[in-house]
Every structure is written in structure tokens, then in C-alpha cells.
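As C-alpha cells, the structure follows; a few thoughts come after it.
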Amino acid sequence: MDLNVGVSCKKCGLEKTVKSGVVGGRQRFCCKGCGCNFRLGDNRSDEKIAAKKALCILWYAMGKGSYRMMGRILSVDHSLVYRWIRGFGKSLAEPKVPQDIKEI
């Protein structure tokens, strides 16, 4: 298994990568350092993904749509929308309930 010297990892920047098949007609690589799989020429940008993620979280908080509807509008898979919203929910702190409240 030869290491490709000219290809650096998109996640960690390490240049120890190996070929890992072809996906969508383009070569896929696997980083030996962090295990990240990536393709060269991947046109996704972090700004676009962050904007889509924020919009999904806003729609969900407003109760204005299903995961599938959000996925169709933003051209992403509905399971990805679910993972974005769930990940955001896990990042929030536990709500603090005052001691004088007995029932809700």
C-alpha cells in the first residue's frame, strides 16, 4: 500500500493518504492519520453547509416543517437534517428548573 505524497487530508492536513476507491467518478482518499475519507475537487463549502444547518434548526424551532420537507427544499438527505438538529439539541445545556416548581 503506497502512500500518496502529493495529496493532503482535508481534515487534518497530513500528507499520509491512500487511495480508497472511486465515488461519483472521482478518486477517493483515506487519511492514515485521522481516518477521514475525502475526494479531491469536493465543491462543498463550510459556509453553505453552516447556513443550511442554521436554517434547518430555525425551521425546526419554529415548528414549520418536517425533516423530509427541509431536506427537499435544501437538496440534502432528510437523515442529515435529523442529525444536524439532534446534534444541536445535544449541544445545549440542561434547562434549570427552580426548586419552588412542583408540577408542570
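Numbers for residues simply follow the sequence, beginning at 1.
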Item checked: Tyr60, OH atom: more than 12 neighbouring heavy atoms under 6.0 Å ->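 No, the 6.0 Å shell around OH holds no more than 12 heavy atoms from other groups.
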
What I'd like to find out is whether the side chain of [X] reaches to under 4.5 Å of the side chain of [Y], using heavy atoms alone.
{"X": "Gln27", "Y": "Lys19", "value": "yes"}
{"X": "Leu80", "Y": "Arg83", "value": "yes"}
{"X": "Val22", "Y": "Arg28", "value": "no"}
{"X": "Ile85", "Y": "Lys53", "value": "no"}
{"X": "Lys32", "Y": "Val18", "value": "yes"}

Check: Roughly how far apart are Met70 CE and Lys64 NZ, rounded to 0.5 Å?
Finding: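 Rounded to the nearest 0.5 Å, the CE-NZ separation comes to 12.0 Å.
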
Margin query: Distance check, rounded to the nearest 0.5 Å: Lys16 atom NZ versus Cys9 atom SG?
Written below: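 Taking NZ in Lys16 and SG in Cys9, the distance rounds to 13.0 Å.
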
Note to self: Minimum heavy-atom separation for Asn37 and Ser20, please, with both atom names.
What the structure shows: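 Between these two residues, the closest heavy atoms are OD1-OG, 3.9 Å.
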
Notebook entry, point to check: So, for Cys34 and Cys31, which heavy atoms are closest and what is the spacing to 0.1 Å?
Noted result: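 Between these two residues, the closest heavy atoms are N-SG, 3.5 Å.
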
Say whether [X] and [Y] are linked into one hydrophobic cluster, either directly or through other cluster members, by side-chain heavy-atom distances under 4.5 angstrom.
{"X": "Phe38", "Y": "Leu14", "value": "no"}
{"X": "Val81", "Y": "Ile49", "value": "yes"}
{"X": "Leu92", "Y": "Ile57", "value": "yes"}

Donor-acceptor contact below 3.5 Å, side chain [X] vs main chain [Y]:
{"X": "Lys52", "Y": "Leu74", "value": "yes"}
{"X": "Ser8", "Y": "Gly13", "value": "no"}
{"X": "Arg39", "Y": "Val23", "value": "yes"}

Item checked: Option among Trp84, Trp59, Tyr82 that satisfies the ring-ring contact (aromatic ring centres under 6.0 Å, His included) test with Tyr67 ->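 Only one option passes, and that is Tyr82.
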
Next item on the list: Step by step, work out the side-chain contact (heavy atoms from CB on, under 4.5 Å) result for Cys36 and Cys12.
Entry: CA-CA 9 Å; Cys36 176; Cys12 67; over 6 Å; no

